[in-house]
Amino acid sequence: MSKIIVPKGTYDLLPDDTAKWRDLETKIHQIFSEYGYGEIRTPLFEHTELFQRGIGETTDIVEKEMFTFADRANRSLTLRPEGTASVVRAYLEHNLAGSGGVTKLYYYGPMFRCEAPQAGRFRQFSQYGAEVLGSLDPRVDAEVIALAVNFYRRLGITDLDVRLNSIGCPNCRPVYRSKLIERLRPKTGGLCSNCQRRLERNPLRLLDCKNPSCQDATADIPLITETLCAECGSHFEKLRILLDSIPINYHLDSRLVRGFDYYTKTVFEVLAGDLGAQNALCGGGRYDNLVEECGGNPTPGIGFAAGVERLLIVLESRKTSVFHPETPELYIAPLGEAAQLAVFPLLIKLREAGWKVESDFLGRSLKAQLKTADKMGVSLVGILGEDELQGRQILMRRMATSQQEMIPLDYDCIINFLKTEK
RNA sequence: GUGGGCGUAGCUCAGUUGGUUAGAGUGCCAGGUUGUGGCCCUGGAGGUCGUGGGUUCGAUUCCCAUCGCUCACCCCA
């Protein structure tokens with residue numbers, strides 16, 4: 001019988017890994033709380049239609065990367081490939097707009113895309129992200145970008161590439177779009193096959209094609225930021241003034257275009273050099289028409305999503321973050337069956353009192369037990385052999401100094417000893 | 001979906017121009033110390049050499065297929 005292993009693009013997190021993840025998760029919840037965001041948890045699957053309408057029918061994600069299946073009533077469901085569509089759905093479903101003002105939400109959890117796995121890319125992966133609904137003010141854009149970037153800074157990652165662009169709105173983007181098609185159509189032959197295909201459908205994407213010949217073809221095309229309508233232009237200008245007023249390094253990238261259809265105006269990405277081909281740590285932008293497209297009243301919004309696996313890769317490769325493994329505060333080494341029986345209730349009682357205590361369950365020699373305790377990094381070992389048991393005592397050994405002290409084998413005495421040693 | 005690289009011990013990897021019991025380091029277990037960790041010494045356990053088929057007297061080695069991992073294209077977090 002062949003061994004069963006994890007599905008492609010998924011992985012197990014073992015105890016050493018989960019310790020790091022939980023540490024990072026704590027920090028994620030903390031920064032969102034400090035910036036005034038409330039956590040939202042939506043289902044891991046939704047009606048397929050939500051993503052088709054929200055993300056866009058012609059995007060790669062919807063066309064070929066979703067895990068879609070039928071339920072027993074033959075309705076099409078899909079494992080969520082991203083977070084924004086679900087948040088908008090929930091925002092409308094629970095009429096969060098009704099409470100008035102700006103709604104600031106964040107999420108954290110697994111997403112699913114059926115792609116070929118690669119460095120920093122998995123089929124089940126984790127993202128955290130923010131969505132701010134109800135304000136068109138560029139201060140919101142700036143705050144969202146600041147939050148995204150400052151989180152990395154807190155973790156000690158400072159050499160990031162923050163890219164910013166505005167891709168306009170339904171008023172000005174079509175103008176740029178047709179201008180682009182007009183300029184590129186004569187050069188069609190020089191484009192890569194992919195770009196030839198998307199020239200008519202989604203010409204903006206040619207701008208960030210990595211193929212050298214496509215880059216040449218688009219080298220002298222006008223910048224989108226020069227053809228923005230008055231509203232988008234002024235919004236973008238205000239955003240830049242705000243970003244310049246806080247210590248965040250970014251640069252304008254007029255070729256930055258993102259893969260989802262719902263983006264309008266502001267788009268941004270944060271890139272890290274040490275991630276291989278999947279170099280985006282997070283990305284996001286404004287989506288002022290998405291809520292309306294999902295059936296709500298016209299409501300502006302902006303958000304971003306960040307990859308957790310990629311962040312951990314960067315943290316590991318730079319060793320900028322120190323994760324503290326939890327070491328027991330005491331290791332009790334019983335010698336012989338009588339001692340084992342005496343130690344067991346003590347072990348449970350100490351744990352219930354909140355102490356991290358370990359012991360031996362293999363009946364091994366004292367030497368082996370000390371070795372194990374040493375490996376765990378424990379600083380105190382309580383040794384209970386027959387002699388100690390007879391005298392109702394326990395020998396407390398300080399591993400760092402090899403100093404030993406006999407104390408009464410009594411719960412309160414041991415607690416007191418632990419407290420003074422701590 | 002396409003292309004490159006790789007699958008040998010828990011982990012990191014040697015190796016075999018086809019030949020008898022497949023190796024190292026590390027980790028693990030035990031002993032050296034009848035009850036004292038880190039250093040050292042000795043010994044031990046642990047492998048269907050990814051899987052299936054083919055060639056051959058004989059395959060971990062050669063051939064084919066397949067699966068998996070990985071990197072890149074693509075896309076994106």
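Reminder, nothing fancy here: chain letters follow the sequence lines and each chain counts from 1. Note that the coordinates shown come from a computational prediction; the quantities given were computed from them, not determined experimentally. Computed from heavy atoms alone, side chains included, the values below leave out hydrogens, waters and symmetry copies.
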Would you name the heavy atoms of A:Ile61 and A:Met66 that are closest together and state the gap between them?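 Looking at all heavy atoms of both residues, the closest pair is O-CG, 3.1 Å.
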Students often get this wrong, so: under 4.0 angstrom with heavy atoms, is [X] touching a base, only sugar-phosphate, or nothing?
| X | result |
| --- | --- |
| A:Ser402 | base |
| A:Lys367 | base |
| A:Leu281 | sugar-phosphate |
| A:Phe122 | base |
| A:Glu269 | nothing |
| A:Gly129 | nothing |
| A:Arg364 | sugar-phosphate |
| A:Glu65 | sugar-phosphate |
| A:Ala305 | sugar-phosphate |
| A:Ala368 | sugar-phosphate |

OP1 or OP2 of [N] less than 4.0 angstrom from a side-chain nitrogen or oxygen of [X], does that happen here?
| X | N | answer |
| --- | --- | --- |
| A:Gln118 | B:A72 | yes |
| A:Arg310 | B:C76 | no |
| A:Lys375 | B:C28 | yes |

Interatomic distance, [X] [atom1] vs [N] [atom2] [rounded to whole Å]:
| X | N | atom1 | atom2 | answer |
| --- | --- | --- | --- | --- |
| A:Ile5 | B:U66 | CD1 | P | 17 Å |
| A:Glu131 | B:A77 | CD | P | 11 Å |
| A:Leu256 | B:C76 | CG | P | 11 Å |
| A:Met111 | B:A77 | CE | P | 11 Å |
| A:Arg398 | B:U36 | CZ | C1' | 15 Å |
| A:Tyr263 | B:C75 | OH | C1' | 14 Å |
| A:Asp16 | B:G10 | CG | P | 18 Å |

Any strand counts, and the cut-off is 3.5 Å on both contacts for Watson-Crick or G-U wobble. Which nucleotide pairs with [N]?
| N | value |
| --- | --- |
| B:U20 | none |
| B:U26 | B:G10 |
| B:C69 | B:G5 |
| B:A45 | none |
| B:C76 | none |
| B:G35 | none |
| B:U60 | none |

Inspect the surroundings of CZ in A:Arg154 and state if more than 12 heavy atoms from other residues, nucleotides or ligands are less than 6.0 Å away.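 It does: A:Arg154 CZ has more than 12 such atoms within range.
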Quote, to the nearest angstrom, the [atom1] distance that separates [N] from [M].
| N | M | atom1 | answer |
| --- | --- | --- | --- |
| B:G50 | B:U60 | P | 10 Å |
| B:G27 | B:G44 | C1' | 14 Å |
| B:C67 | B:G52 | C1' | 10 Å |
| B:U2 | B:A14 | P | 29 Å |
| B:A24 | B:U66 | C1' | 32 Å |
| B:G15 | B:G25 | C1' | 15 Å |
| B:G4 | B:C41 | C1' | 47 Å |
| B:U48 | B:G1 | P | 30 Å |

Choose from [options] the nucleotide whose nearest atom is closest to any side-chain atom of [X].
| X | options | answer |
| --- | --- | --- |
| A:Arg121 | B:C73, B:U70, B:G35 | B:C73 |
| A:Ala116 | B:G1, B:C76, B:G68 | B:G1 |
| A:Ala119 | B:U36, B:A72, B:G37 | B:A72 |
| A:Leu366 | B:A77, B:G38, B:U36 | B:U36 |

Test log, rule side-chain contact (heavy atoms from CB on, under 4.5 Å), inputs A:Val162 and A:Leu164: CA-CA 7 Å; A:Val162 181; A:Leu164 181 71; 5.8 Å; no
Would you check, one step at a time, whether the test side-chain hydrogen bond (donor to acceptor under 3.5 Å, both in side chains) holds for A:Asp244 with A:Tyr250? CA-CA 9 Å; A:Asp244 290 336; A:Tyr250 69 94; 2.9 Å; yes
Inspect the contact between A:Glu115 and A:Lys8 and indicate whether a charged nitrogen and a carboxylate oxygen are less than 4.0 angstrom apart.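 Answer for the salt bridge query: no.
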Which comes earlier along RNA chain B counting from the 5' end, the contact point of A:Gly120 or that of A:Lys8, where each point is its nearest nucleotide?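 Its nucleotide being nearer the 5' end, the pick is A:Lys8.
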Give the C-alpha distance, both sets of side-chain angles, the deciding distance and a yes or no for salt bridge (Lys or Arg N to Asp or Glu O under 4.0 Å) between A:Glu405 and A:Arg398. CA-CA 9 Å; A:Glu405 191 175 318; A:Arg398 301 181 183 88; 2.8 Å; yes
Will you find, in the side chains of A:Glu49 and A:Ser76, an N or O donor that is under 3.5 Å from an N or O acceptor?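 No donor-acceptor contact under 3.5 Å links the two side chains.
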Answer yes if the side chains of A:Glu34 and A:Gln30 hold a donor-acceptor pair under 3.5 Å, and no otherwise.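 The answer is yes; a qualifying pair exists.
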